[in-house]
There are 2 protein chains.
Amino acid sequence: MSSVESPELRPTLADVARAAGVSTATASRVLNGFPRVRPKTRRQVESAMSSLGYARQRAARASTGGRTGSVALVVCEEVLRLFADPYFARISAGAGKELTAAGLQLVLLTVPATEDYQAPVVRYLDGGHVDGALVVGMHGRRPLDLGWLGIPVVFAGRPVCPREPGRFSYVDVDNRGGAQRATQRLIDAGRRTVATIAGPQDMTAGVDRLLGYRQAAAGAGRDHRGLVVFGDFGQASGEHATARLLDRKPHVDAIFAASDMMAVGALRALRRVGRRVPGDVAVIGFDDLPVGRRTDPPLTTVRQPIEEMGTRMTAELLAMLGGSAAPGCAVLDTELVIRASA
Amino acid sequence: MSSVESPELRPTLADVARAAGVSTATASRVLNGFPRVRPKTRRQVESAMSSLGYARQRAARASTGGRTGSVALVVCEEVLRLFADPYFARISAGAGKELTAAGLQLVLLTVPATEDYQAPVVRYLDGGHVDGALVVGMHGRRPLDLGWLGIPVVFAGRPVCPREPGRFSYVDVDNRGGAQRATQRLIDAGRRTVATIAGPQDMTAGVDRLLGYRQAAAGAGRDHRGLVVFGDFGQASGEHATARLLDRKPHVDAIFAASDMMAVGALRALRRVGRRVPGDVAVIGFDDLPVGRRTDPPLTTVRQPIEEMGTRMTAELLAMLGGSAAPGCAVLDTELVIRASA
DNA sequence: CTGAAAGCGCTTACAG
DNA sequence: CTGAAAGCGCTTACAG
């Protein structure tokens, strides 16, 4: 015991080099899998590493311009919402798959709702702990100030008003088109009073889906004033919004909800006042979450390829890390999936 | 444009010092909020920082023994299970609350199920990117080899066979006691054939809950051979296990499931073959997840304080980071919550 | 193929 | 209160 060095000190690369009788430069080359090392030397170093139980202090690479081997997925919500919303689960799954295949570690970061909420997260991102970041769910109230970040960033959804528009990449979904088609279906089915439960207007997804609704309504010569209520994409907000809507326009006979969770809330509110779906009121959601298959009646909705967003975002980020040219933007298609509610 | 330095290079602390007309030592002191700096000097440095848009390369601190300001929560499951199991959500919520209060960033890490699954995660943990780690859901099949980690670690649940038993802290729940009380309730209610759906035996929670069942059964002089079936804590496994059980022991009239999700599966399986709960078969779960309140009938279960585990683990970790003496272990109480299923 | 040396960005005794 | 200098662990031209 007393003949070895202090057992609490982790071995460093210099220790490994010494034990193997080589320079730290060579030890580093072995550590990083460089080709030009004599097999015998390589073996010496490797065995020194394993007998010392060497583990590289990866953070030290950062100061030297190296990579950390990890990528952040920043979800601009509190921990509890991260888990409550299946959207995040699926996007994470998509990202995780790609990253794992590339041998990179996915690091999930959440933004607490404190006053200076962004400080710790931005500090982390800025701190050289990750090679790049995927940012999900950003909205006006939580506008991560990513201005000075030294790493590539890809957003899920067109970011709200980025300081430097051209600087960031994003992968979006055709929110406007999807909302328009959904609304059009309600109109084509002969519904007279087609309302919408819009999403938060500080997120482009909320804005674009409302825009799609308005275009369809205007195109059909409808006056949609008073037929727009707002929610936050969550179920409870959909339920409340529907109640308000029913108060204001008792004769409403169709609702386009800008998210499935809000549509589920709408279904509950309608059932509580005894309206039949789709008999009295037709309902269409947006997202195509699994829950929509189990509602009563099953939910007609606009499918967005959430998991694919995760994989595409990751692919784009990997391209940037690989030194791709300009930031790229992609917009994925949506698809109307018809079930029983409309 | 051309009169300033290359715009792509982030400013370093040396740049700040130069701009402020001080040494890097002083700049560093301001950056770290040391007290002994003349107010005027401090202001100069601060304004240089903000006008240069300085962001510290936090990773560089690691090599120097400093703190990163972040803590990992390692969930030994794939991304999708992380989101599927409410247990992780609640423990994360508990940890997140404590950490946010301490101004630390929570970093969620997941362990992909690839062959050498642990490599990236351990590399990350070993890399100096976090100050400590909370480890959740570890089991025999995924035995993170944390032996050489240079940072403090706290486990959720007594770890399986740690290499160095005294080295790690953990916060556990009285699994054995809870399981025993649940089983005893079934026996006291006059049930004759009390079976259990046990959890995975490569996790101490699975082992301890089975032990509690066995003790109660033995205490009542029961022969419980053939009355133990196994699942993986998930719903589907509970459903299948119940089907097997029914095959083997058609006259079973009580089931203690080692998790609520498995109990939910049991309820489904029982309903499918037309058994009434609790009339024909009484069922008790373990966890007290929200889902148990909405089953038909509502689920009698053993409550474990999951969120508190998260906060206690975090508190313990913070104590270790603060230089507390020995690793500590805590065991939290469970509580039988009686609803309609038993 | 390998080593001596300089460097990455930040921190910390040690002087003053 | 402040600075010059050495150091953290790792990497990378530059020679050979």
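We use all heavy atoms of the structure for the numbers below, so side chains are in, but hydrogens, waters and symmetry mates are not. Labels below follow one simple rule: chain letters A, B, ... track the order of the sequence lines, proteins then strands, and each chain is numbered from 1.
- The nearest whole Å value for the distance from the CZ atom in B/R18 to the C1' atom in C/dG9 is 13 Å.
- A/R38 comes within 4.0 angstrom of the backbone, heavy atoms only, and of no base.
- Applying the 4.0 Å criterion to OP1 and OP2 of D/dG3, one finds that B/S23 has a side-chain N or O inside that range.
- Atom CE in B/M49 sits about 12 Å away from atom C1' in C/dC10, given to the nearest Å.
- With a cut-off of 3.5 Å on both pairing distances, the Watson-Crick and G-U wobble pairs of DNA chain C assemble into stems of 3 or more at C:1-3 with D:14-16, C:5-12 with D:5-12, C:14-16 with D:1-3.
- Dashed line: the shortest gap from a side-chain N or O of A/S28 to OP1 or OP2 of D/dT11 is under 4.0 Å.
- In plain terms, the two heavy atoms of B/L80 and A/A89 that are nearest each other are CD2-O, 4.4 Å.
- With distances taken from any side-chain atom of A/T41 to the nucleotides D/dC10, C/dT2, D/dG3, the minimum falls on C/dT2.
- For A/L13 and D/dT12, the CG to P distance is 12 Å, given to the nearest whole Å.
- Of all heavy-atom pairs spanning A/C76 and A/V135, the tightest one is SG-CG1, 4.0 Å.
- Protein atom CZ of B/F34 is 14 Å distant from nucleotide atom P of D/dC1, rounded to whole Å.
- B/T68 places a side-chain N or O within 3.5 Å of a backbone atom of B/H129 that can act as its donor or acceptor partner.
- Atom pair A/Q44:CD and C/dT2:P shows a separation of 9 Å (rounding to whole Å applied).
- Between A/R29 atom CZ and D/dA13 atom C1' there is a gap of 10 Å when expressed in whole angstrom units.
- Between A/V111 and A/V74, the closest side-chain pair of non-hydrogen atoms falls below 4.5 Å.
- Of the possible donor and acceptor atoms, one in the side chain of B/T314 sits under 3.5 Å from a partner among the backbone N and O of B/G310.
- The main-chain N or O of A/Q105 is never found under 3.5 Å from a side-chain atom of A/S70 such that the two would form a donor-acceptor pair.
- Not one side-chain nitrogen or oxygen of B/T24 sits closer than 4.0 Å to the OP1 or OP2 atom of C/dC10.
- In this structure, of C/dT2, D/dG3, D/dC1, it is D/dG3 that holds the atom nearest to the side chain of B/T26.
- As rounded to whole Å, 11 Å separates atom P of C/dC8 from atom CG of B/D15.
- Under the 3.5 Å distance criterion, the side-chain polar atoms of A/D131 are left unmatched by any main-chain donor or acceptor of A/V71.
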